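To keep things clear, I will list the structure first and then write my remarks on it.
Nothing here was measured: the structure is a model prediction, and the numbers come from that model.
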2 protein chains.
Amino acid sequence: MEERKYLPHIAYDSVIFGFSGNQLKILIMKYHNTGLFALPGGFVKIDEDLNTAVRRGLKERTGLDNIYLEQFYTFGDVSRYQAGAMKTILEANGHHVPENYWMLDRFISVAYYALINYEKVVPKPDALSDSCDWYSLDKLPPLMQDHNQIVEKALQTLRDNLERKLVSVNLLPSLFTMNELQKVYEAILGEKLRRTTFQRKILSLNILDRHDKQYSGKAHKAPYLYSFKEK
Amino acid sequence: MEERKYLPHIAYDSVIFGFSGNQLKILIMKYHNTGLFALPGGFVKIDEDLNTAVRRGLKERTGLDNIYLEQFYTFGDVSRYQAGAMKTILEANGHHVPENYWMLDRFISVAYYALINYEKVVPKPDALSDSCDWYSLDKLPPLMQDHNQIVEKALQTLRDNLERKLVSVNLLPSLFTMNELQKVYEAILGEKLRRTTFQRKILSLNILDRHDKQYSGKAHKAPYLYSFKEK
DNA sequence: TTATTATTGTCACAAATTGAGACAATAACT
DNA sequence: AGTTATTGTCTCAATTTGTGACAATAATAA
């Protein structure tokens, strides 16, 4: 019986950030035949660590292991509970939904954000959804339940952690220019930064190795490529 | 039936900080006839918001409403699950514990920290415990399950939030001296601060009102009393 | 009354960090 | 060779922080 496989009343949702076209983007699922959008999420198996469950879900959605992951809040209001929406999704997939089906119960959801290299991912929908795609933060569709709030809080936490946790390592390819790094910071903070101050600050942290220049074919001086130091 | 009253598999634990004798202290419960120590915690009613459940528990333990409260992490490892300890506690209280009793199941626990005015509280044990008392952070007994880790993470989060959230408002009486405020910062950070720098920094934030001097009877200049500005 | 003692409020100066702009050094194109 | 856009670096000012000095007290002791 399926409901014996997972812990009842407990779910997780993940805000998966990537960086492309100078913008922060996140992965959003669209459910079959319903027009409903939601964050990628899932349930915790009876004998599985919570963090393990989340990594399992991320692997399924992105194909990646060893993703940078932070838990940031657990949402537990009764008002999250909307049996109707979940029933719609299940029935639109041709499932027969019994009375008191466990997925229609009230859920408390532990929310995580993940940071991944946009280039390395081909997002995969799950059985209930027909797409799993990147959306710019400023062009999000209305999401199910409280998922828009969850995204808001994820972004806020990411901002708070920006300097403390050297977050940008995970959003860039291994080689990048100073300008690209600055663009990541600007996208996360939602504000322009001063070029010279930013460059001086980052270099003074001594976390970068400098490599060859990158010739873009454009008519101007070529920037150095950098990588984050090992360890 | 009791297990219908609460959400299964979901609990909360609270790290309740107070400040006294220049030290940070937290509330610890001791269970009847078992020698087991634990953080104050509880369960969430079927139709109750998670945050409401935690405030309800705090009210019972401290008698206070409107407590400063922050959720900081949700602990969900399978290894937290130790049916034995819980069974011991229940049986030491004369409960008959049925097979598969809900309280013996695996729990995921949402952890909060609270900041309260030490003076205003007379801690109250619950039905299962014979004491609920203040312990200095550096003299904690070994706690049940992963509760020592939970305390560690609470303190870490408190430190990270110290400047950002003006945490000390909640740990002091409404009137206090600059020196007392400094002692709170030092207790949280676990390090000495320089008097003049601290004073200048705090005053420049423009968050304090200055009141009359406080004459202690000691042979030296009397310090001003301060209060936090009403928003 | 006059030292003495411990602590407090404030200032002064040095050191470090950040803000803001200037400028020469490129790549590639005209 | 001249033009353009961008980059790496430097300079100077403005701000913040580190560090110590010092005068102004409350109570006590002489």
Side-chain angles (χ1 to χ4, degrees), chain A residues 19 21-23 159-160 162-166 168 172-229, chain B residues 19 21-23 159-160 162-166 168 172-229:
Chain A
F19 182 74
N22 287 350
Q23 286 197 306
R159 282 179 181 161
D160 292 345
L162 180 56
E163 296 100 77
R164 223 151 33 81
K165 302 209 170 175
L166 213 50
S168 40
L172 286 167
S174 57
L175 288 175
F176 51 89
T177 65
M178 189 60 73
N179 190 45
E180 288 167 340
L181 182 58
Q182 184 176 341
K183 290 289 192 283
V184 171
Y185 272 72
E186 290 177 341
I188 293 176
L189 294 174
E191 61 180 336
K192 287 271 171 211
L193 301 176
R194 186 166 286 269
R195 184 180 63 94
T196 51
T197 311
F198 179 79
Q199 181 137 336
R200 178 174 54 190
K201 175 120 183 166
I202 296 290
L203 288 177
S204 77
L205 295 177
N206 254 35
I207 51 171
L208 297 185
D209 286 328
R210 179 181 279 186
H211 303 275
D212 291 340
K213 292 186 173 184
Q214 180 184 58
Y215 299 93
S216 63
K218 302 280 180 59
H220 54 72
K221 190 172 179 178
Y224 287 107
L225 285 171
Y226 294 90
S227 65
F228 288 95
K229 280 186 177 161
Chain B
F19 182 74
N22 286 350
Q23 285 196 306
R159 282 179 181 160
D160 292 344
L162 179 56
E163 297 99 77
R164 222 151 32 83
K165 302 210 170 174
L166 214 52
S168 40
L172 286 166
S174 58
L175 289 176
F176 51 88
T177 65
M178 189 59 73
N179 190 45
E180 288 167 340
L181 181 59
Q182 185 177 339
K183 290 286 192 281
V184 171
Y185 272 72
E186 291 177 339
I188 293 176
L189 294 175
E191 60 181 336
K192 288 272 171 211
L193 300 176
R194 187 166 285 266
R195 185 179 63 94
T196 50
T197 311
F198 179 79
Q199 181 136 332
R200 179 174 53 191
K201 176 119 185 167
I202 296 290
L203 289 177
S204 77
L205 295 176
N206 255 37
I207 51 171
L208 297 184
D209 286 329
R210 177 181 281 186
H211 303 277
D212 292 339
K213 292 185 173 184
Q214 179 183 58
Y215 299 92
S216 62
K218 301 281 181 58
H220 55 73
K221 191 171 179 177
Y224 287 107
L225 286 171
Y226 294 90
S227 66
F228 287 94
K229 279 186 177 159

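Ranked by how close their nearest DNA chain C nucleotide is to the 5' end, B:Pro223 and A:Ala219 are led by B:Pro223. Comparing B:Leu225 and B:His220 against DNA chain C, the residue whose closest nucleotide sits nearer the 5' end is B:His220.
Contacts of A:Thr196 with the nucleic acid, taken as non-hydrogen atoms under 4.0 Å apart, include base atoms.
Residue B:Arg194 has a polar side-chain atom (N or O) positioned under 4.0 Å from OP1 or OP2 of D:dG20. Taking side-chain N and O atoms only, A:Lys201 has no distance below 4.0 Å to OP1 or OP2 of C:dT17. A close approach under 4.0 Å does not occur between any side-chain nitrogen or oxygen of A:Gln199 and OP1 or OP2 of D:dT7. For the OP1/OP2 pair of C:dT7 and a distance below 4.0 Å, the side-chain nitrogens and oxygens of B:Lys218 include no atom meeting the criterion.
Applying the 3.5 Å distance criterion, the base of C:dG19 shares a donor-acceptor pair with the side chain of A:Arg200. In this model, a side-chain donor or acceptor of B:Lys221 finds a partner on the base of C:dT8 within 3.5 Å. At a cut-off of 3.5 angstrom, counting only N and O atoms as typed in the model, there is a donor on one side and an acceptor on the other between the side-chain of B:Arg195 and the base of C:dG9.
Relative orientation of the A:Phe228 and A:Phe176 rings is tilted, given thresholds of 30° and 60° on the angle between their planes.
Here the shortest heavy-atom pairing between B:Ser174 and B:Ser227 reads O-CB, 3.2 Å.
Counting non-hydrogen atoms of neighbouring residues, nucleotides and ligands closer than 6.0 angstrom, the NZ atom of B:Lys213 exceeds 12 such neighbours.
Of the possible donor and acceptor atoms, one in the side chain of A:Glu186 sits under 3.5 Å from a partner among the backbone N and O of A:Leu193.
The distance between atom CD1 of A:Ile202 and atom C1' of D:dT9, rounded to the nearest whole Å, is 17 Å.
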